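Here's the structure we're looking at; comments come further down.
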Amino acid sequence: MELLEELEIAPCNSSQYLRPFRLHYRQNGTKKFWDFMRTHDSVSILIFNITRQCFVLVKQFRPAVYMCELERHNPEVFQVKDMNDCCYPRDLLPASVGVTYELCAGIVDNPELSLAETACKEILEECGYNVPVANLRKISSYRSGVGVTGSKQTLFYAEVKDSMKTDIGGGKAEEGELIEVVEIPLEDAFNFSFDENLPKTMGVMFGFMWFQNNVAPLLPQKIKTNKITPIP
Ligand SMILES: O=c1ccn([C@@H]2O[C@H](COP(=O)(O)OP(=O)(O)O[C@H]3O[C@H](CO)[C@@H](O)[C@H](O)[C@H]3O)[C@@H](O)[C@H]2O)c(=O)[nH]1
Ligand SMILES: [Mg+2]
């Protein structure tokens with residue numbers, strides 16, 4: 001995951017994942033426009049391993065995160081004069097600056113599967129646990145990237161046991177997915193959440209908070225999470 005070479009930044013003129021549009025409109029008499037992208041909806045799953053009392057997260061290289069960091073150190077990377085130009089950044093940063101901790105998640109791109117079935121498929125592909133659909137609990141759904149995509153993400157909760165682990169996970173190798181499965185012990189979860197040196201998604205932070213409010217109170221006292229209050 002850490003070896004990053006041959007970077008080329010090129011314009012994205014067509015994509016199976018993103019379609020940019022501009023909506024022109026008049027709102028309360030004021031003429032406006034807004035640029036946005038159509039993308040797939042998605043599912044994400046907060047996974048808790050009850051055998052070892054830990055959360056199961058995934059870690060992966062995210063090009064968008066990496067490029068934000070690269071631009072901060074190297075402002076010219078996106079300053080191409082012609083939209084057909086390519087840029088070959090030289091002063092690279094380690095790949096690790098673009099690696100984030102996330103909930104297991106996937107895009108909803110198979111209309112034949114329900115959201116819960118899609119979630120179970122992602123759990124198996126990314127984390128290696130074979131979870132029956134009936135074991136999933138829907139937490140809620142929400143809008144992500146409201147300024148840019150506004151797509152809907154549905155969040156599930158899944159409790160797993162070591163005995164349900166039938167595969168190593170890691171994502172679909174044939175699609176080039178390179179995913180590391182990581183376990184966060186329950187007692188470390190809240191310190192992990194607020195450690196800004198460990199880049200993570202809001203889904204992870206929300207998921208841990210939800211667990212604290214909805215599942216932790218039902219656990220035996222000795223394994224409850226350490227609740228910490230973030231410093232303002
Ligand atoms: O530009 C792209 C985009 C996607 N892929 C492929 O498509 C797969 C998508 O993986 P999947 O696990 O289905 O989706 P995620 O990348 O995990 O994205 C989900 O998880 C993210 C983190 O929660 C959310 O931001 C997204 O909305 C949500 O779809 C990738 O692994 C690649 O194989 C590419 O090759 N190129
Ligand atoms: Mg994924």
Side-chain angles (χ1 to χ4, degrees), residues 39-60 62 100-165 169 171 179-195 198-221 223-230:
T39 185
H40 292 285
D41 286 342
S42 59
V43 292
S44 62
I45 312 99
L46 173 69
I47 305 173
F48 184 66
N49 180 317
I50 51 174
T51 313
R52 267 165 307 107
Q53 300 288 309
C54 61
F55 293 104
V56 180
L57 299 183
V58 296
K59 232 175 135 178
Q60 56 193 316
R62 290 298 190 177
T100 55
Y101 291 87
E102 306 171 12
L103 297 178
C104 169
I107 56 176
V108 178
D109 59 354
N110 182 347
E112 287 174 12
L113 299 182
S114 67
L115 292 177
E117 286 166 342
T118 304
C120 288
K121 189 168 150 280
E122 287 299 327
I123 298 173
L124 186 59
E125 282 171 11
E126 296 192 352
C127 301
Y129 291 93
N130 199 343
V131 177
V133 172
N135 284 27
L136 283 194
R137 173 171 168 191
K138 182 177 159 184
I139 297 178
S140 196
S141 68
Y142 46 85
R143 296 285 165 181
S144 65
V146 289
V148 182
T149 68
S151 60
K152 191 186 234 183
Q153 188 160 66
T154 305
L155 173 61
F156 292 92
Y157 173 62
E159 248 162 42
V160 300
K161 296 180 200 154
D162 278 353
S163 58
M164 293 158 84
K165 185 130 182 163
I179 289 173
E180 187 186 335
V181 183
V182 289
E183 296 185 341
I184 307 296
L186 182 53
E187 62 271 23
D188 298 344
F190 282 82
N191 289 331
F192 170 87
S193 270
F194 292 101
D195 185 343
L198 302 171
K200 65 187 75 66
T201 60
M202 182 64 107
V204 172
M205 300 176 77
F206 173 77
F208 287 4
M209 291 285 185
W210 176 86
F211 185 94
Q212 176 72 31
N213 287 326
N214 294 277
V215 183
L218 310 174
L219 295 174
Q221 194 61 36
I223 49 166
K224 276 200 185 152
T225 58
N226 293 326
K227 204 171 182 177
I228 63 154
T229 313

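None of these values were measured; they are calculated from a predicted model. Numbering of residues begins at 1 and proceeds along the displayed sequence.
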If I compare all heavy atoms of [X] with all of [Y], which pair ends up nearest, and what's the gap?
{"X": "Ala116", "Y": "Val133", "answer": "CB-CG1, 3.7 Å"}
{"X": "Ser141", "Y": "Lys152", "answer": "OG-CE, 3.8 Å"}
{"X": "Gly106", "Y": "Glu122", "answer": "CA-CD, 3.5 Å"}
{"X": "Leu46", "Y": "Trp210", "answer": "CD2-CE3, 3.8 Å"}
{"X": "Leu103", "Y": "Ser44", "answer": "CD1-OG, 4.0 Å"}
{"X": "Phe208", "Y": "Ala189", "answer": "CD2-O, 3.5 Å"}

Could you go through the side-chain contact (heavy atoms from CB on, under 4.5 Å) check for Leu124 and Val131 one step at a time? CA-CA 7 Å; Leu124 186 59; Val131 177; over 6 Å; no
Is it true that a side-chain atom of [X] and a backbone atom of [Y] form a donor plus acceptor pair closer than 3.5 Å?
{"X": "Asp188", "Y": "Ile184", "value": "no"}
{"X": "Gln212", "Y": "Met209", "value": "no"}
{"X": "Gln53", "Y": "Ile50", "value": "yes"}
{"X": "Lys165", "Y": "Cys127", "value": "yes"}
{"X": "Lys200", "Y": "Leu198", "value": "yes"}

Can you find a heavy atom in the side chain of [X] that is under 4.5 Å from one in the side chain of [Y]?
{"X": "Val43", "Y": "Val108", "result": "yes"}
{"X": "Val182", "Y": "Val56", "result": "no"}
{"X": "Leu186", "Y": "Cys54", "result": "no"}

Pairwise distance CD1(Ile47) to CG(Leu57) - rounded to 0.5 angstrom: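 The distance works out to 8.5 Å.
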Starting at OG of Ser151, measure out to NE2 of His40 and round the result to the nearest 0.5 Å.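 Rounded to the nearest 0.5 Å, the OG-NE2 separation comes out at 10.5 Å.
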Can you classify the ring geometry of Phe211 versus Phe55 as parallel (below 30°), tilted (30 to 60°) or perpendicular (above 60°)?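 Geometry flag for Phe55 against Phe211: perpendicular rings.
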Compile the donor-acceptor pairs under 3.5 Å between side chains in residues 154-163 and protein atoms, sequence neighbours left out, one pair per line.
unit_1, atom_1, unit_2, atom_2, d
Tyr157, OH, Glu159, OE2, 2.6
Asp162, OD1, Asn49, ND2, 2.8
Asp162, OD1, Arg52, NE, 3.3
Asp162, OD1, Arg52, NH2, 2.6
Asp162, OD2, Arg52, NE, 2.9

Side chains of Gln60 and Glu102: is there a donor and an acceptor less than 3.5 Å apart?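 The answer is yes; a qualifying pair exists.
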For Lys121, I'd like to know if atom NZ has over 12 heavy atoms of other residues, nucleotides or ligands within 6.0 Å.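 Yes, the 6.0 Å shell around NZ holds more than 12 heavy atoms from other groups.
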For Gln153 and Ser144, run side chain to side chain donor-acceptor pair (under 3.5 Å): C-alpha distance rounded to whole Å, both residues' side-chain angles, the deciding distance at 0.1 Å, then the answer. CA-CA 7 Å; Gln153 188 160 66; Ser144 65; 5.3 Å; no
Please find out if less than 6.0 Å separates the ring center of Phe192 from that of Tyr101.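 Phe192 vs Tyr101: aromatic centres under 6.0 Å.
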